Novice: 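Shown below is the structure under consideration.
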Amino acid sequence: MTKRAGGSTARPTSLGVLGVLGVLGALGLGLTGCGLGDDGDAEKPDATKSGPYDPAKAVRTKADVRAMLPGDGEVPGGWEDAVDGPKALSGHYAERYCGSWAGKGCSKALVMGETSYAYDGNVNFRILTFADKSAARAAYRGVFATEESTGERTPGKAQRVGSESRTLRASGDRADAVTILRVGTVVARVNSYLNGPGPDGDEVAAMQADRIAQVLRGEKPTATLR
């Protein structure tokens with residue numbers, strides 16, 4: 001259940017890949033930040049637990065993006081798959097979604113992916129991959145600006161994950177958080193409302209960053225929340 005302003009709750013909905021698919025009728029699927037400055041061509045030190053990765057590698061396949069997203073076996077028992085598994089789209093679908101999510105500066109989007117889980121709370125994962133780090137950095141800034149502009153959350157303390165990340169939190173409610181992160185050429189958004197036992201939003205974001213890094217190394221992702 002997604003917590004809304006004023007304390008009301010509603011079942012989480014997926015507004016990214018699933019929303020795009022619904023609008024287009026294509027398939028019938030439904031940040032401690034290290035800041036937002038440009039770090040040039042030099043990648044910042046890796047901040048994933050799983051070790052170094054190739055920060056310039058472009059992820060071009062839907063299969064790789066689906067692998068980055070956690071499946072049923074990678075999340076705690078009791079989490080209900082809200083969208084029937086990770087979904088991914090490429091080509092103009094990714095480009096169109098990129099523009100709506102990250103603004104006019106978004107370019108060179110390759111693949112987008114999304115999945116969601118519900119239980120006593122909810123978590124939504126979204127991913128966009130890019131042809132190069134420069135495009136990914138621009139999208140990272142755009143996504144953060146889009147999230148911040150809603151006024152629903154403000155920047156808060158959190159761990160640094162990936163190449164750069166920032167977290168927005170609801171006032172007075174640490175359980176309600178959105179982390180925007182970049183790992184090389186991949187940008188991800190983790191929206192969580194975790195009000196029960198189990199992992200918190202920082203742990204969920206770290207797991208997502210680790211799974212992305214593992215794919216960038218050419219490995220099958222093993223990072224989980226279990």
Side-chain angles (χ1 to χ4, degrees), residues 14-21 23-24 31-44 46-48 53-62 64-69 86-115 124-150 152-153 155 158 160-168 177-192 204-206 208-213 215-216:
S14 183
L15 300 178
V17 172
L18 304 181
V20 170
L21 288 171
V23 171
L24 300 178
L31 298 171
T32 87
C34 52
L36 297 174
D38 190 343
D39 59 2
D41 289 331
E43 191 67 20
K44 294 183 178 179
D46 183 282
T48 64
Y53 55 88
D54 180 358
K57 180 179 179 179
V59 177
R60 300 178 181 276
T61 72
K62 292 182 285 186
D64 277 345
V65 169
R66 285 192 294 266
M68 291 176 178
L69 295 162
K87 303 293 186 294
L89 291 171
S90 59
H92 70 276
Y93 296 112
E95 294 170 2
R96 191 173 299 186
Y97 177 53
C98 180
S100 66
W101 190 30
K104 294 181 180 179
C106 197
S107 65
K108 300 182 182 179
L110 300 174
V111 185
M112 62 193 235
E114 183 169 13
T115 195
N124 173 257
F125 301 87
R126 300 183 194 174
I127 285 175
L128 268 172
T129 73
F130 295 87
D132 55 51
K133 289 190 295 180
S134 178
R137 290 189 193 107
Y140 168 79
R141 298 186 191 98
V143 172
F144 181 81
T146 296
E147 293 291 342
E148 189 174 36
S149 69
T150 68
E152 296 177 0
R153 303 174 183 87
R160 148 94 183 277
V161 294
S163 305
E164 53 187 338
S165 64
R166 293 195 75 181
T167 296
L168 296 160
V178 174
T179 296
I180 313 301
L181 62 96
R182 180 179 67 84
V183 183
T185 59
V186 181
V187 175
R189 171 188 180 274
V190 180
N191 182 9
S192 59
V204 175
Q208 179 62 94
D210 288 342
R211 292 182 68 85
I212 293 170
V215 170
L216 291 176

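Remember, predicted model here, so these are calculated numbers, not experimental data.
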Novice: Can you give me the closest heavy-atom contact between A88 and R66, atom names plus distance?
Specialist: CB-CG, 3.8 Å
Novice: Check whether any side-chain heavy atom of I212 lies under 4.5 Å from a side-chain heavy atom of Y53, and answer yes or no.
Specialist: no
Novice: I need the L69 CG to E114 CD distance, nearest 0.5 Å.
Specialist: 8.5 Å
Novice: Keeping the roles fixed (side chain from T185, backbone from K57), state whether a donor-acceptor pair exists under 3.5 Å.
Specialist: yes
Novice: Could you state the interatomic distance from OG (S90) to CD (E95), rounded to the nearest 0.5 Å?
Specialist: 9.5 Å
Novice: For the residue pair A136 and G184, what are the closest heavy atoms and their distance?
Specialist: CB-O, 3.7 Å
Novice: Not counting sequence neighbours, which residues clear salt bridge (charged side-chain N to carboxylate O under 4.0 Å, His left out) with K108? List them please.
Specialist: D132
Novice: So do the side chains of E148 and P155 get within less than 4.5 Å of each other, counting heavy atoms only?
Specialist: yes
Novice: Is any side-chain heavy atom of L168 closer than 4.5 Å to a side-chain heavy atom of F144?
Specialist: yes
Novice: So, taking the atom named CZ in R160 and the one named CG in L181, what distance separates them when rounded to the nearest 0.5 Å?
Specialist: 10.5 Å
Novice: What distance separates T115 OG1 from M68 CE, expressed to the nearest 0.5 Å?
Specialist: 14.5 Å
Novice: For a 4.5 angstrom cut-off between non-hydrogen side-chain atoms, does I127 reach Q208?
Specialist: yes
Novice: To check you understand the geometry: which heavy-atom pair defines the closest contact between A94 and A109, and what is its length?
Specialist: O-CB, 3.8 Å
Novice: Tell me every residue that passes side-chain contact (heavy atoms from CB on, under 4.5 Å) with A139, counting only those two or more places apart in sequence or in another chain.
Specialist: A102, C106, F130, V187
Novice: Apply side chain to side chain donor-acceptor pair (under 3.5 Å) to T61 and list each qualifying residue two or more places apart in sequence or on a separate chain.
Specialist: D64
Novice: Starting at NZ of K87, measure out to NZ of K62 and round the result to the nearest 0.5 Å.
Specialist: 12.5 Å
Novice: So do the side chains of L110 and V59 get within less than 4.5 Å of each other, counting heavy atoms only?
Specialist: no
Novice: Please report the shortest heavy-atom distance between C98 and S107, naming the atom on each side.
Specialist: SG-N, 4.2 Å
Novice: Grab the two heavy atoms, one from T146 and one from T150, that are nearest each other, plus how far apart they are.
Specialist: O-CG2, 3.5 Å
Novice: Any side-chain heavy atom of N191 within less than 4.5 Å of one from R153?
Specialist: yes
Novice: Is any side-chain heavy atom of R126 closer than 4.5 Å to a side-chain heavy atom of V190?
Specialist: no
Novice: Rounded to the nearest 0.5 Å, how far apart are CG of L89 and CZ of R96?
Specialist: 11.5 Å
Novice: For A67 and R211, which heavy atoms make the closest approach, and how far apart are they?
Specialist: O-NH2, 2.7 Å
Novice: Got a donor-acceptor contact below 3.5 angstrom from the R182 side chain to the G162 backbone?
Specialist: no
Novice: Answer yes or no: is there a side-chain heavy-atom contact under 4.5 Å between N124 and R189?
Specialist: yes
Novice: Which residue, T129, V111, L128, forms the side-chain contact (heavy atoms from CB on, under 4.5 Å) with V186?
Specialist: T129
